[in-house]
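So the structure is just underneath, and the comments pick up after that.
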Protein chains: 2
Amino acid sequence: MPPNGSNASQCTPMDPMHPNAPQCAAAKRSRESAVPLPEETPVREVAPSGKRVGMRLVSWNVAGLRAWLRKGGLKWVQDAAPDVLCLQETKCGAESVPPEVRDLQALPHQYWASPEGKPGYSGVGLLCRCEPLRVTYGIDDPEHDPSARVLTAEFPSFFVVCAYVPNAGRGLTRLQPRLRFDAAFLSYLSRLDAIKPVALGGDLNVAHTELDLRHPSANRRSPGFTDEERRGMDAILAAGFLDAFRVMYPALPHAYTFWTYLGGARERNVGWRLDYFLISERLRPALCDCKIRPRVMGSDHCPVELYLAL
Amino acid sequence: MPPNGSNASQCTPMDPMHPNAPQCAAAKRSRESAVPLPEETPVREVAPSGKRVGMRLVSWNVAGLRAWLRKGGLKWVQDAAPDVLCLQETKCGAESVPPEVRDLQALPHQYWASPEGKPGYSGVGLLCRCEPLRVTYGIDDPEHDPSARVLTAEFPSFFVVCAYVPNAGRGLTRLQPRLRFDAAFLSYLSRLDAIKPVALGGDLNVAHTELDLRHPSANRRSPGFTDEERRGMDAILAAGFLDAFRVMYPALPHAYTFWTYLGGARERNVGWRLDYFLISERLRPALCDCKIRPRVMGSDHCPVELYLAL
DNA sequence: CTTTGCAAG
DNA sequence: CTTGTAAAG
């Protein structure tokens, strides 16, 4: 998720750390026209193939699994009852997963990753109703695998990848390693895709187009909306993956999955679409729907759902 | 204040860090007979000298001035309306004192001390209705003065000293520096007392006698109740100071000023008397009363009041 | 603004 | 258990 000033910076695009930023944000807040959430529509139950939804996946950046649990995030998951749950920013290793999550009857096959020696930072989880054929950690890259940001579950007919793409950092201090991750990650996805179709759920830490964040022009050089990061997303799509949400809703505005905690951004829907399901093109016939659930609380991100006829 | 296990250790006196400590504490909790707070009695308004209360002092370890303010601690102070307020563990330097405190009309002369380069740690404050003749920082000792634990205000007829005596640390890891502080501090008090009478208010981080904590036998080697620390208190009294509360209430049990936040100690009055007013013996004729206010919330310590006919 | 871990009590 | 802190988002 973008840093401190990324949503407040709308007023002073050249300097998100400007001393007047809060004042400016407050002024902006009062002037800003209310932006509604997209209308809620029913899930399309039938895929282009004619088959009906057979598998549901949820991806959610929980911004701290334990706080998310306290805030009731798990209750929504239990109602949604996905077959696969991809969690990002768990901020806890397997040993610290609370029992309420660890002992979930509906999702008994659980895989957790967390960077060595950085407790409370980053971390991903992949929870499955059915046991995968196999689960792998990382993207087979020595630079990036210690950061423990990717989990892959192999099922008979497809891979599920859970990913938490690194943030470029305040002041873009970590843009270069981020871009190297993007390249290595795309290479990994392509290798998987050569074997079986892929469904990727995760926080990709990029708003792809101007439609994908509330204030594009103010965030031209903000982490999560640099040209370089956006081109990384272009590259994934060019390599044969689909942005499932945009396939379903090609021009829907104000559909965001992240709102900074600063300055009451969420209540005004000043957000970013950073969380995605990407699917191999040959899964298009199986794509029933992809839903963003912006009203679901528990984190500064909301969950995203993917419905597949598989 | 005593460390983590100091109140829970009653069950396993030899090992406060025993893995079963929480379980033990829970068991103890259910068995433990309820211990009432001492009965509230009216303030004695007339001193042995026959004169009436003319000056009120309050000492309070606030365990974080900003949190204490949020919890409404200042409201009680405003009602109590002391002439001098001694605060310990402010955990903030002068520059971080919230405006609500900084701009107090009733206590406009304020002096704050905080250790260099340790923000959020320790810290004391001395707030006065009338401007002191002079205020000094520390105890004129190069080992201890950087820790910024003592403030002294000189008034025409007496000194007021605000002190936060260092904790001996978990496992008594800092007992030796603590004992050196005790010696240097007593030397300092004696030098003051040779000039004018002294009224010292503060967290002395010691329960003097078995009457001064709920579980003396379990805490024989706990910080705040070692023989060495208790002898330090003996030494102050032997040097010509009075424990104002004990002068007034020589045998009153269960009169505590601190309760660990752990395990619900306060609701069961499992506490320690660590906060004192000590006065020069020649102030005895001026001693009207000294009150512990155990129902006043805002910190893990409660305030103590000293009433003098001055 | 919020989370985490940390040191300290 | 609670404080304040830092790093991170």
Side-chain angles (χ1 to χ4, degrees), chain A residues 1-8 16 22 25 61-71 88-93 96 114-115 117-123 164-171 173-174 203 205 222-224 258-267 272 274 297-301, chain B residues 1-8 16 22 25 61-71 88-93 96 114-115 117-123 164-171 173-174 203 205 222-224 258-267 272 274 297-301:
Chain A
M1 38 316 305
N4 206 330
S6 57
N7 274 359
N61 178 319
V62 293
L65 185 69
R66 286 163 288 191
W68 168 85
L69 180 66
R70 279 198 304 273
K71 291 184 277 194
Q88 301 87 34
E89 274 205 277
T90 51
K91 297 187 179 183
C92 78
S96 312
S114 173
K118 291 205 160 192
Y121 174 74
S122 190
Y164 174 42
V165 171
N167 192 296
R170 292 186 184 172
T173 49
R174 296 164 50 73
D203 175 358
N205 249 320
S222 295
F258 163 80
W259 307 262
T260 177
Y261 279 128
L262 287 77
R266 191 163 185 171
E267 62 205 23
W272 301 54
L274 302 180
M297 307 303 286
S299 163
D300 50 359
H301 295 244
Chain B
M1 40 311 304
N4 205 330
S6 58
N7 274 0
N61 177 319
V62 294
L65 185 70
R66 287 164 287 192
W68 169 85
L69 180 66
R70 279 198 303 274
K71 291 184 280 194
Q88 302 87 35
E89 273 203 280
T90 51
K91 297 187 177 182
C92 78
S96 311
S114 171
K118 291 204 159 193
Y121 176 74
S122 190
Y164 174 43
V165 170
N167 192 294
R170 292 186 182 170
T173 48
R174 298 169 47 74
D203 175 358
N205 248 321
S222 296
F258 162 81
W259 307 262
T260 176
Y261 279 128
L262 286 76
R266 191 163 185 171
E267 61 206 24
W272 302 55
L274 301 179
M297 306 304 285
S299 163
D300 51 357
H301 293 243

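Note that the structure is a prediction, hence the values are computed from the model and not measured. Note that these values count all heavy atoms, side chains included, but never hydrogens, waters or copies made by symmetry. Sequence lines set the chain letters: A, B, ... in the order given, protein chains first and strands last, and positions in each chain run from 1.
- Atom OG of B/Ser122 sits about 9.5 Å away from atom CD of B/Gln88, to the nearest 0.5 Å.
- Rounded to an integer number of Å, the gap from A/Leu274 CG to D/dA8 C1' is 15 Å.
- Here C/dT3 presents its P atom at 17 Å from CG of A/Asp203, a figure rounded to the nearest Å.
- The shortest non-hydrogen separation linking B/Asn61 to B/Glu89 is ND2-OE1, 3.1 Å.
- Phosphate contact (OP1/OP2 of C/dT2, side-chain N/O of A/Lys91, threshold under 4.0 Å): absent.
- Nearest heavy-atom pair, A/Gly93 versus A/Ser114, reported as atom, atom and distance to 0.1 Å: CA-CB, 3.7 Å.
- Put simply, CG on A/Leu262 is 13 Å from P on C/dT3, counting in whole angstrom units.
- The CD atom of B/Glu89 sits 11 Å away from the C1' atom of D/dT2 (whole-angstrom rounding).
- Counting heavy-atom neighbours within 6.0 Å of B/Arg266 CZ, excluding the residue itself, gives a total above 12.
- One interatomic measurement links the two molecules: CH2 of A/Trp68 to P of C/dT4, which rounds to 12 Å at whole-angstrom precision.
- Using cut-offs of 30° and 60° on the angle between ring planes, the pair A/His301 and A/Phe258 is tilted.
- Computed from coordinates, the B/Glu267 CD to D/dT2 P distance equals 11 Å when rounded to whole Å.
- Each of D/dG4, C/dA8, C/dT4 was ranked by its minimum atom distance to the side chain of B/Ala67; first place goes to D/dG4.
- Relative to the side chain of B/Lys71, the nucleotides D/dT3, D/dT5, D/dC1 differ in distance, and D/dT3 lies closest.
- In this structure, the nucleotide among D/dT2, C/dA8, C/dT3 sitting nearest to the side chain of B/Tyr261 is D/dT2.
- Using a 4.0 Å cut-off, some side-chain N or O of B/Arg70 falls inside it from OP1 or OP2 of D/dG4.
- Atom P of nucleotide C/dT2 and atom CZ of A/Arg266 are separated by 12 Å, given to the nearest angstrom.
- Whole-Å rounding puts the A/Tyr121 OH to C/dC6 C1' distance at 18 Å.
- OP1 or OP2 of D/dT5 lies within a sub-4.0 Å distance of a side-chain N or O belonging to B/Arg66.
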